[in-house]
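One-based numbering, in listed order, for ligands and for the atoms of each. Values reported hereafter were calculated over all heavy atoms of this structure, with side chains retained and with hydrogens, waters and symmetry mates removed.
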Amino acid sequence: MSLHISAKPGEIADFVLMPGDPLRAEWIANTYLEEVTCYNKVRGMLGFTGKFRGKKVSVQGSGMGIPSALIYYTELIREYGVKTIIRVGTAGALQGHLKLRDLVMALSASTTSGINRESFPYGDYAPTADFSLLRRAMGQAKALDMEFEAGNILSADVFYPSSGDVYTPWKEHGVLCVEMETAALYTVAARYGVRALSLLTISDSLVRGEHSSAADRERSFEDMATLALHCR
Ligand code: HPA
């Protein structure tokens with residue numbers, strides 16, 4: 001039992017998929033896992049453990065934004081001994097060539113958050129995916145015949161910025177898309193020596209002004225969850 005997760009020791013797998021939305025966590029568990037149990041309902045941030053092809057896997061909602069997600073990342077790693085976290089989330093495209101439903105693997109996560117100032121007051125830390133996990137995801141994507149892009153992404157603190165201009169320097173430096181959690185995941189995973197990767201589906205384009213339908217979001221989540229589970 002940690003402050004925000006009511007699981008008993010041993011109830012959470014060492015490999016965890018983390019969507020932002022707790023109802024997505026429930027959907028992934030019920031759709032892909034066998035022998036599913038729910039280990040957390042605290043604050044409605046549902047967490048489940050089950051088996052994928054006989055191997056134990058957990059799926060835990062993180063909530064939206066770094067402050068919420070970082071609580072769950074930290075407690076899973078520190079209190080429950082989790083060794084691998086794969087975020088499965090959505091993102092807004094910052095480059096014109098990215099289309100709705102495209103899959104992005106986040107090599108690195110730039111951020112507008114103050115998170116790294118707290119740990120690194122004298123410099124800019126570069127939050128980076130775990131290379132072995134990234135390589136596995138690339139191999140599995142190829143085996144599953146899934147196309148993807150990989151590159152730098154932006155983890156922003158604000159979903160509704162005061163002006164669209166805030167994205168200009170990030171776009172001009174090739175940053176692929178914007179979401180709200182990965183920089184914290186990569187930083188805390190590095191701190192505790194565990195593996196982390198973010199898989200993101202483009203749900204909006206901030207270049208083309210397009211938004212996915214609910215049905216499209218569902219389908220793209222299927223691909224992403226399948227790929228993440230095959231990284232087990
Ligand atoms: N901004 C931040 N996070 C997001 C977005 C966005 O436009 N779309 C999906 N996640």
Side-chain angles (χ1 to χ4, degrees), residues 17-28 45-46 59-73 85-116 127-129 137 146-188 196-225 227-228:
L17 260 55
M18 296 194 68
D21 180 353
L23 293 179
R24 286 269 183 223
E26 183 173 48
W27 179 83
I28 291 170
M45 203 58 79
L46 303 172
V59 194
Q60 170 68 55
S62 70
M64 287 180 283
I66 283 176
S68 171
L70 189 50
I71 289 172
Y72 296 98
Y73 300 148
I85 295 178
I86 301 185
R87 165 166 156 68
V88 283
T90 53
L94 295 176
Q95 303 295 331
H97 70 277
L98 285 172
K99 303 181 299 300
L100 299 184
R101 290 193 60 188
D102 279 359
L103 175 66
V104 172
M105 297 190 192
L107 284 186
S108 53
S110 302
T111 187
T112 57
S113 160
I115 159 138
N116 289 336
T128 308
M146 287 182 193
E147 305 262 317
F148 62 91
E149 276 256 0
N152 193 3
I153 64 139
L154 174 65
S155 298
D157 263 353
V158 178
F159 187 89
Y160 297 111
S162 51
S163 114
D165 298 349
V166 297
Y167 296 122
T168 302
W170 307 101
K171 285 180 185 166
E172 288 176 353
H173 288 78
V175 172
L176 294 175
C177 58
V178 55
E179 51 84 86
M180 302 184 73
E181 292 82 14
T182 300
L185 172 60
Y186 288 180
T187 302
V188 75
L197 176 66
S198 266
L199 300 178
L200 303 167
T201 298
I202 300 300
S203 60
D204 314 275
S205 172
L206 306 185
V207 181
R208 304 175 182 208
E210 296 167 348
H211 304 279
S212 289
S213 65
D216 256 1
R217 278 173 200 246
E218 183 94 39
R219 273 196 296 275
S220 56
F221 236 89
E222 286 171 13
D223 288 351
M224 201 165 41
L227 177 57

**Student:** Sorted by first residue and then second, give each salt bridge (Lys or Arg N to Asp or Glu O under 4.0 Å) pair with at least one member in residues 159-183; sequence neighbours left out.
**Tutor:** Arg87-Glu179, Arg87-Glu181

**Student:** Who passes salt bridge (charged side-chain N to carboxylate O under 4.0 Å, His left out) against Asp21, sequence neighbours left out?
**Tutor:**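 Asp21: no salt bridge (charged side-chain N to carboxylate O under 4.0 Å, His left out) contacts found.
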
**Student:** Could you tell me whether the side chain of Ser212 and the main chain of Ser203 form a donor-acceptor pair under 3.5 Å?
**Tutor:** yes

**Student:** Name the residues in contact with ligand 1, where contact means a heavy atom under 4.0 Å away: which are they?
**Tutor:** Thr90, Ala91, Gly92, Phe159, Val178, Glu179, Met180, Ser203, Asp204, Leu206

**Student:** Trp170: which residues meet the ring-ring contact (aromatic ring centres under 6.0 Å, His included) condition with it, sequence neighbours left out?
**Tutor:** none

**Student:** Go through the side-chain N and O atoms of Thr111 and Ser155 and say whether any donor and acceptor fall under 3.5 Å apart.
**Tutor:** no

**Student:** Would you please say whether a donor-acceptor pair under 3.5 Å links the side chains of Thr187 and Asn116?
**Tutor:** yes

